[in-house]
Number of protein chains: 2
Amino acid sequence: MTTARRQATRQKLYEAAVTLIAEQGFSATTVEEIAERAGVAKGTVYYNFASKNELFEQLLQHGVGLLTVSLRDAADEVAARGGTRVDALDAQIRAGLAFIARYPSFTQLYVAELWRTNRAWQDTLMLVRQEAVAVVEKVLREAVDNGELSDEIDVPLTASALFGMVLVAALDWQAFQSHRSIDDVHSALSRLLQGRVSGDSRRT
Amino acid sequence: MTTARRQATRQKLYEAAVTLIAEQGFSATTVEEIAERAGVAKGTVYYNFASKNELFEQLLQHGVGLLTVSLRDAADEVAARGGTRVDALDAQIRAGLAFIARYPSFTQLYVAELWRTNRAWQDTLMLVRQEAVAVVEKVLREAVDNGELSDEIDVPLTASALFGMVLVAALDWQAFQSHRSIDDVHSALSRLLQGRVSGDSRRT
DNA sequence: TCTTTTGAACTGACTGGTCAGTACAAAAGA
DNA sequence: TCTTTTGTACTGACCAGTCAGTTCAAAAGA
């Protein structure tokens, strides 16, 4: 049985592992380090997870789960108060930024692993990625269907591009320009999404 | 003296290292593996590079150097035949895609390491990144100066976002939708850049 | 022309250290 | 009582970096 106590231990291990692996990478991070940072014994890691690999896979699932829920909630909230689908996309951009601001280490680690081939957790990764991208694709598709967006856009590619735009802008923001506010970053990305980059300076 | 022979050996080591590290990560890749794939002995690696770390740093410089040149050439070529700055940006997007298509492993590895903190090659990485992004920022700034782009855009943030958009879309293209042509991907990204996403389907 | 020397480039066995995973008895919850 | 955690000790595989020795093409010498 999974008791509350055990859950708490796992949570501590996730938190310890995520920062260490984000900083150093999976292979360079030792189980001993993770245990120490979490304040538990090494044996406890193996009591809770079958292996270092399994700990990492479950960490991935845990993290992407949080992101997916956050993206879905953002879109639903806009829909509930009658906003457009483009508003929903905009809300998802903000939700994505907020997620990255809150869990920078997880994002870092996720990006570092996402496109690696020949890794043990390849399948897990593909699965959770699809889950998250699907939420964005859904909103894009709805926007195309009701004419808010051009029916000539390529939904999967555009979803990827949006995802990437937010991801990289946010990571760069954290790493190289952390003094900017989330609103700065959000409005720069909104502008890009809504086509207010192109054209002369008469627009607002 | 650095002879032609030595250069050839180094090139072989770069090529071997780039794919292995892209697939497995830096720490999980052994020097022995790199040597074997390059068809040389382990000692040769240490004859040519002071350490595994140094091999990797020089590999990074080598790779980003290629990208920077390619981005600069793309913009110059458009300028030479009198195109607009937005055309130049578009050409850079294509050049970026072409680079990623040609050196997917390098791109993978670069992305995986870019936002890691506490790494030995942190400084090298920041340096080469700045070199590459500066080329895009330059074109953006020129476009703002001559009124092609709104003066309200945030140049560094937009450059990051563009960079990320191309990066992630291209990696996703390679990894999950490799049947699409480079033109498909290019036109999807162009559309995003030029604001033809938003708005109804009347536009072309 | 033929022989000898030189030195850069390369080789691969070896060393010292690291680390994932195991074992287990005793303690601490619940 | 039953589950979970602790802490220490251990094993066996793996690996970065070293170093004494080899290769060979080209220069020097005869």
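Chain naming here is simple, since letters A, B, ... match the order of the sequence lines and numbering starts at 1 in each. Just so it is clear, the values below take in all heavy atoms, side chains as well, and ignore hydrogens, waters and symmetry mates.
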Pairs involving residues 72-102 of chain B, ordered by first then second residue, that meet ring-ring contact (aromatic ring centres under 6.0 Å, His included) (sequence neighbours left out): B:Phe99-B:Tyr103

Can you tell me the distance, in whole Å, between the [atom1] atom of [X] and the [atom2] atom of [N]?
X: A:Asn53; N: C:dG21; atom1: CG; atom2: P; value: 7 Å
X: B:Phe49; N: C:dC10; atom1: CZ; atom2: C1'; value: 14 Å
X: A:Gln24; N: C:dT18; atom1: CD; atom2: C1'; value: 14 Å
X: A:Glu54; N: C:dG21; atom1: CD; atom2: P; value: 11 Å
X: A:Ile21; N: C:dA20; atom1: CD1; atom2: C1'; value: 14 Å
X: A:Glu36; N: C:dC19; atom1: CD; atom2: C1'; value: 14 Å

Residue pairs involving residues 163-174 of chain B (criterion side chain to side chain donor-acceptor pair (under 3.5 Å); sequence neighbours excluded):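 Pairs touching residues 163-174 of chain B that pass the test: A:Trp115-B:Asp172, A:Arg129-B:Asp172, A:Ser160-B:Asp172.
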
Set of salt bridge (Lys or Arg N to Asp or Glu O under 4.0 Å) partners for B:Arg37, sequence neighbours left out: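 With neighbours one apart ignored, the set is empty.
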
Closest approach of B:Lys52 to B:Ser27 (non-hydrogen atoms, all atoms of both residues):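 Minimum heavy-atom contact is NZ-O, 3.7 Å.
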
Which residues share a side-chain contact (heavy atoms from CB on, under 4.5 Å) with A:Glu15, sequence neighbours left out: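 Scan of A:Glu15 (side-chain contact (heavy atoms from CB on, under 4.5 Å), adjacent residues dropped) gives A:Gln11.
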
Partner residues of A:Leu127 under the side-chain contact (heavy atoms from CB on, under 4.5 Å) criterion, sequence neighbours left out: none

Assigned partner base of C:dA30, Watson-Crick or wobble definition, under 3.5 Å: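 When the pairing criteria are applied, D:dT1 turns out to be the nucleotide that pairs with C:dA30.
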
Contact state string [nucleotides 5-13 of chain D, B base, S sugar-phosphate only, - no protein heavy atom under 4.0 Å]: BBB------

